[in-house]
There are 4 protein chains.
Amino acid sequence: MERTPTATLLLSCPDRKGLVAGVSDFLFRHSANIIHADQHTDQEEGLFLQRVEFELEGMDLGPEEIDSAFSPLADKFGMRWQLRFSSEPRRAAILVSREPHCLIDLLARWTMGELHMGIAAVVSNHSDHADVAKHFGAEYHYLPVTEETKSEQEKQLMRLLDDREVDLIILARYMQVLGAEVVDRFPHKIINIHHSFLPAFAGARPYHQAYERGVKVIGATAHYVSVEIDAGPIIDQDVIRVSHRDTVKDLAQKGRDLEKIVLARAVRLHLDDRILVYRNKTVVFD
Amino acid sequence: MERTPTATLLLSCPDRKGLVAGVSDFLFRHSANIIHADQHTDQEEGLFLQRVEFELEGMDLGPEEIDSAFSPLADKFGMRWQLRFSSEPRRAAILVSREPHCLIDLLARWTMGELHMGIAAVVSNHSDHADVAKHFGAEYHYLPVTEETKSEQEKQLMRLLDDREVDLIILARYMQVLGAEVVDRFPHKIINIHHSFLPAFAGARPYHQAYERGVKVIGATAHYVSVEIDAGPIIDQDVIRVSHRDTVKDLAQKGRDLEKIVLARAVRLHLDDRILVYRNKTVVFD
Amino acid sequence: MERTPTATLLLSCPDRKGLVAGVSDFLFRHSANIIHADQHTDQEEGLFLQRVEFELEGMDLGPEEIDSAFSPLADKFGMRWQLRFSSEPRRAAILVSREPHCLIDLLARWTMGELHMGIAAVVSNHSDHADVAKHFGAEYHYLPVTEETKSEQEKQLMRLLDDREVDLIILARYMQVLGAEVVDRFPHKIINIHHSFLPAFAGARPYHQAYERGVKVIGATAHYVSVEIDAGPIIDQDVIRVSHRDTVKDLAQKGRDLEKIVLARAVRLHLDDRILVYRNKTVVFD
Amino acid sequence: MERTPTATLLLSCPDRKGLVAGVSDFLFRHSANIIHADQHTDQEEGLFLQRVEFELEGMDLGPEEIDSAFSPLADKFGMRWQLRFSSEPRRAAILVSREPHCLIDLLARWTMGELHMGIAAVVSNHSDHADVAKHFGAEYHYLPVTEETKSEQEKQLMRLLDDREVDLIILARYMQVLGAEVVDRFPHKIINIHHSFLPAFAGARPYHQAYERGVKVIGATAHYVSVEIDAGPIIDQDVIRVSHRDTVKDLAQKGRDLEKIVLARAVRLHLDDRILVYRNKTVVFD
C-alpha cells in the first residue's frame, strides 16, 4: 500500500485551555488533513502531550515552511516539540551479540515492509551473523571486543554510526553495556530488549533469576537506554505463563518469542513517532 | 475521590477538514477545560467519531445552555451527537436468572464506587437472589416466566422499567431472550454477557460447544443486544487458556471469571460514555 | 455434582527408578481407581514429586488403614508425604482489612460451590464487613489493632484460630504483617495476595511504585507467607496491560480484578491439594 | 545441550484399574529411567491416554526389542500405541505460498536448535522464497499451480514427499487446499496454521471477517488437517487484543505474530510426541 506523505508533530507543554484549539486551528488554516490525533494530560504534573499526524498534500505550506509557521504558536504555549516527515525514514543500526533470533526477526519484518526505516548497518561483536545480514541486504560490521579493547571498540562504533548517519540504535540482544558517551549521544534513540519483566530481574541472567524465584509468569521489556542499566523509560512489555516444568533453558526459549515481539513493537512505535518521554516514563500513542 | 462535574460529548459525522478545530474552538471560546479527548476516523467510510469530556466549572455557559449553543456547529457538520452530564448518572436494571456470580460482582463493585450509576431494580425470573440484592441495598423483583406467560411477563417488565425510569439494562446472565419490543425500546442500552468468544459458539450452551470442538482458549463477550441473537455490536471480549483436562464444568467455572470481568468493563465503558456504535461495530474510547 | 469420596497423596523423595511402579502397584493391589496422577522430576536436584488422587470406594482398605499400609513403601523410598481425604475439607479463616473485594469474591464463590472448604471465621481489624460476612453465613470477628496492641491482638487471633481449629489462613487484602509466631505455626498454610507482579514492587504501595516506574503491565501474586515479607513460595500470578492513561487509582481498580482471580485460583489449588513446596518454590499439579 | 537418547510411548485404551501399574512396572523391570510421564482420563468416554518418555541407556532391552516386549501388555489392555525414538527425528516438508513470515520463523528456529527435525524440502507454488530457503540450507521446490494443473501439481507433490520420505507436512501459510488424497495419506501428520480463532471465521479471508464483525480480540489456530476444511483437531490457539483503530491490514500484521508463534509451538509439540488425537480433539501433554 502506498503511504501518502505525512508529517507527525509530537509536542508537550504545560496544560492550558486553548491548546487543542490552537493546534487544530493552525492545521485547519493551512488546509492540513489530520490522519490521527491523540493527546494526554498528566493531571498531577499539569503536563499536556499530543501527537498529530497530517497529510502534506493539499496544504498551503511546503514541508520546509511548516517549522517556521508553527514556531510562534509553540513559543506562545512553551512547547517542546518535534516535527518529522514520513518521507525521511530513520537510519537504524542493529547491534547483536551471539543470539540471532531478534536480528533475523527484525530483518524478516523489514523485508515484509513492517518497519519503515533504512538499515544503515548490522554490528556485532561476533562474526556469526554476516551471512544472514547479507542475505537480507544489510551491511555487516564485525567489531570484536574484549575488556582491554572496549574503549577502542566503542570509538570504532561511534565512527561507524557517524559515517552512516545513524539516528536509531536497536540493541537486538547485544550483550555489551554501551558506554556513557554513546548513550548520551543518542538520547531516547537507543532501544534495548531486556529479557525480563522489569523492574524484576534487572541485570544479568534474568532467566536464571526467574527460575530461582519460582515465578509463574516471565516477561520481556523494551526500553530506551539510559546511563543507569535497565532503568530507562519502558516502551512496551509482555509476558507468558511458565510452570515448574520449565527449566532455565525452557524459560529462555519461551522468552525468545516475547523478546522478538516486544522489541519489534517498540521499534515500530518509535519509527511511527508514537512515543513521548517525560519523567523517565513513556506516553505511547498507539 | 470527588469527581468534579463534567459533560461528555459523543459525536459522529462525515469526515471533513476543520472538524477538530471547530469543536475545540467552541469549547475554548466558552472557557471549557478539556479533561479527555479522543477521536477516530474510519477512512473507508469517511466517518469521523469523537469523544470530548470537559469540566463544567469555569464555563461561560450553564449546563442547560450548552445544547443550544452547540447546535449550529453540529448542524453545519451534519453531526449525530449526544451530550451527557456526570451529575446525572444512569438508572440501571440488572436482570439475572439462576447464576448469581455476575450479579454479586456488579453489586460489590457498585458498593466500592466502581460503577457510576443508580441501581433502579434487580429483576429475575427466579426468587433466589432477593436476599443478596437487599443486602446491597437494591430493590428485587421476582418475575417468573414460562413459555405461556412470556408475553405477559415482558409487559410487567416493561412497566417496571418505565416506572423506574430505567435507561440501562444489564443482562447479568439472564437466560431469557428479550422480545423485540423491549430490544427496540432500548437501542444500544441493553448490555449482555455471552459466555463465548463470539462469533464462535453463538446460541445455547457455548461451553458444551467449546468442549466438543476441543478449543484451547475460551472467551466471553459483552455486546449490545439487537434483535438478532448474539449478533449485536461487540463492546469487549476476553479469553482464558483451557486444556484437555477441563471438563464442561471446569470450562463453566473458568468462564465465570471472564464473564464477571468483561461484563463489568463493558458496563463501566458505557457509564463513562466511551462507546459509539456504527455499522454494528463499536468504537471504544478507553 | 456429587463428588465421590477420594484421597489425595502428595509425596516427594530422591528420584530413583521404580518409584512410579511402586506407588501405582500399591494402589492397584488395593483396588484403588486413580482419578488423577501427575508427577515432576527436578533433574538438577534429583527430586521426584508426585500427586495421586484416587477413589476410596472399592478399595480393600478403609481410609484409616491406608496410612499404615503405605508407610513401608514411603520409608523404603525416603518419602515426605501427606494423605488427605475429600471428606474432610479444610477449615479456613479469611483475614481482611478495609477493602472488601477479595472477601466478597471468596464468599460468593464459596456460596456457588467453587471452594471446597468450611469458613471457620472472617477476621478483620475493621468492623466494616460484619454484615456481608453474616449475609453469606460466616462468623465475623472484629479484632482492632494499633501499634501498641499488635502483640495482644495476635494472641487473640491465635486463640481464635486454635478454638476454631483453623488449618488454612487466607489473607484477603489483610494489610497487617503477621508476626513470626503465627507464620511459624502455619507453614505453607497461609496464602496471601500481593498486589504486584513479585518480585517487582515488593513491600508497600506497589501500585504507586508501578505508576512511578511507568510499567506497561501490572500483576498480582498469590504466595505462601513466610517470615520474610513478600518472599514466600509463589503459587500463582497474573497480569493485565496498562498505559500512560491509567492513574494510580486506575491501576488499583484494574489490579483488584487480578487480585480476586489470582487469590481464588491459589486457594482452590491449595484446597485440592495440588501444591507441593520445595526450595521456596511450588510445584502446581493443575 | 546433548540430549540423551530417549524413547516416547504414546498410548490410549479403555480405562481400567492397573493400567498405570502395568506400564510403570514394565519399564521398571527393564530398568528404564522415566524422564517424563503424564496421563489423562476422559471420564465420559472411559478412555485412558498416556505419554511416557524414558532413557534408553541402562535398559536391559535394545531399542529394537522394546516393541515386541511391550506388545503382550498392550494387547492385554487393548491399547492403541506408538513408540518413537529421539534418535530418529522426523523429516518435515514446509509448504508456503506468498507470505514468508512463518517460513522464515521456522527456519530461524530450526537453525537455533529449537525444532528437533530434518527439513526434507521447502515447497511453494511461488518461486519467491528459493533464496531464503537456500540461505538456511533447505532444498527448495517451486511447484506452480493453476486451477487446471492442480491435480497434476499434487501428483508432483506426492512424488516429492515420497522421494524425500517426508513424515510431517507443515503448512506455513500455504494458501492451497490440499486434496483428499494427500490428506488421507498423512493422517494427523499435516499441521496447518489458520489465521483466526477457530471455529470463528473459518474459510477465506478471516481478517476481513473479523474486521467486519468488529471483534476486540483476534486469534490464530494450529490444527491437524482433515478433509473438512478448518475442522481438524485443534493443537494450539492464541489471541491478541485489537481495537477500532486497527484496519484489516493492521489485523493481518498483528496476526502474523500469532501465526508464527502458534505454528511453531504446535510443530514442537508434535516433534516431541506430546499430542494424542481422539474424537477430533487433541490431548496435549505439555
Side-chain angles (χ1 to χ4, degrees), chain A residues 1-4 6 9 13-44 46-61 73 76-77 216-217 239-243 245 254 283-286, chain B residues 1-4 6 9 13-44 46-61 73 76-77 216-217 239-243 245 254 283-286:
Chain A
M1 199 174 79
E2 200 60 23
R3 289 163 61 122
T4 66
T6 65
L9 190 60
C13 61
D15 191 24
R16 217 171 106 185
K17 284 181 190 178
L19 267 163
V20 179
V23 173
S24 54
D25 177 63
F26 169 82
L27 291 169
F28 178 54
R29 274 191 291 113
H30 294 292
S31 303
N33 191 31
I34 296 175
I35 298 284
H36 176 264
D38 204 350
Q39 63 193 73
H40 175 61
T41 309
D42 183 322
Q43 306 282 357
E44 277 176 57
L47 188 71
F48 175 83
L49 308 105
Q50 193 178 29
R51 177 188 190 271
V52 191
E53 184 176 2
F54 50 94
E55 292 180 323
L56 293 169
E57 241 172 61
M59 285 188 71
D60 67 6
L61 292 172
L73 189 74
K76 179 180 158 195
F77 286 104
K216 301 301 185 188
V217 175
V239 301
I240 191 169
R241 293 190 77 82
V242 296
S243 81
R245 298 204 185 283
K254 287 190 172 181
V283 167
V284 177
F285 291 121
D286 58 354
Chain B
M1 198 173 81
E2 200 59 24
R3 289 163 62 124
T4 66
T6 64
L9 190 61
C13 62
D15 191 25
R16 215 169 107 184
K17 284 181 189 178
L19 267 163
V20 179
V23 174
S24 54
D25 177 64
F26 169 82
L27 292 168
F28 179 54
R29 274 189 291 112
H30 294 291
S31 303
N33 191 32
I34 296 174
I35 296 285
H36 176 262
D38 204 350
Q39 63 194 72
H40 175 62
T41 309
D42 183 321
Q43 305 283 356
E44 276 176 57
L47 189 71
F48 175 83
L49 309 104
Q50 192 177 31
R51 177 189 191 269
V52 191
E53 184 176 2
F54 49 95
E55 292 179 323
L56 294 168
E57 241 173 62
M59 283 188 73
D60 66 6
L61 292 171
L73 189 74
K76 179 180 156 196
F77 285 104
K216 301 302 184 186
V217 175
V239 300
I240 191 169
R241 293 190 77 80
V242 296
S243 81
R245 299 205 184 281
K254 288 190 172 182
V283 167
V284 177
F285 290 122
D286 57 355

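Here the structure is a predicted model, which means the values were calculated and not measured. Quick note on labels: first sequence line is chain A, next is B, and so on, each numbered from 1.
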**Request:** Check side-chain hydrogen bond (donor to acceptor under 3.5 Å, both in side chains) between B:D15 and all other residues, then give those that pass, not counting sequence neighbours.
**Result:** none
**Item:** Per-residue contact mode, B:I35 against chain A (heavy atom under 4.5 angstrom)
**Value:**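 Contact with chain A is through both the backbone and side chain of B:I35.
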**Request:** Identify which part of B:D38 has an atom lying under 4.5 Å from any heavy atom of chain A, answering side chain, backbone, both or neither.
**Result:**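 Interface part for B:D38: side chain.
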**Prompt:** Given side chains that start at C-beta, do those of A:K17 and B:L27 come closer than 4.5 Å, heavy atoms only?
**Reply:** no
**CD/A:Q43: more than 12 non-hydrogen atoms of other groups inside 6.0 Å** = yes
**Asked** What closest approach, in Å, do B:A21 and A:F28 show between heavy atoms, and which atom pair accounts for it?
**Response**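 In this case the closest contact between B:A21 and A:F28 is CB-CB, 3.9 Å.
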**Item:** Rounded distance [0.5 Å steps], NE2 in B:H40 versus NE2 in A:H36
**Value:** 9.5 Å
**Message:** Distance check, rounded to the nearest 0.5 Å: B:S24 atom OG versus A:D25 atom CG?
**Reply:**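 Output value for this atom pair is 8.0 Å.
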**Fill in**
Taken in chain and number order and not counting sequence neighbours, the residues that satisfy salt bridge (charged side-chain N to carboxylate O under 4.0 Å, His left out) with A:R16 are none
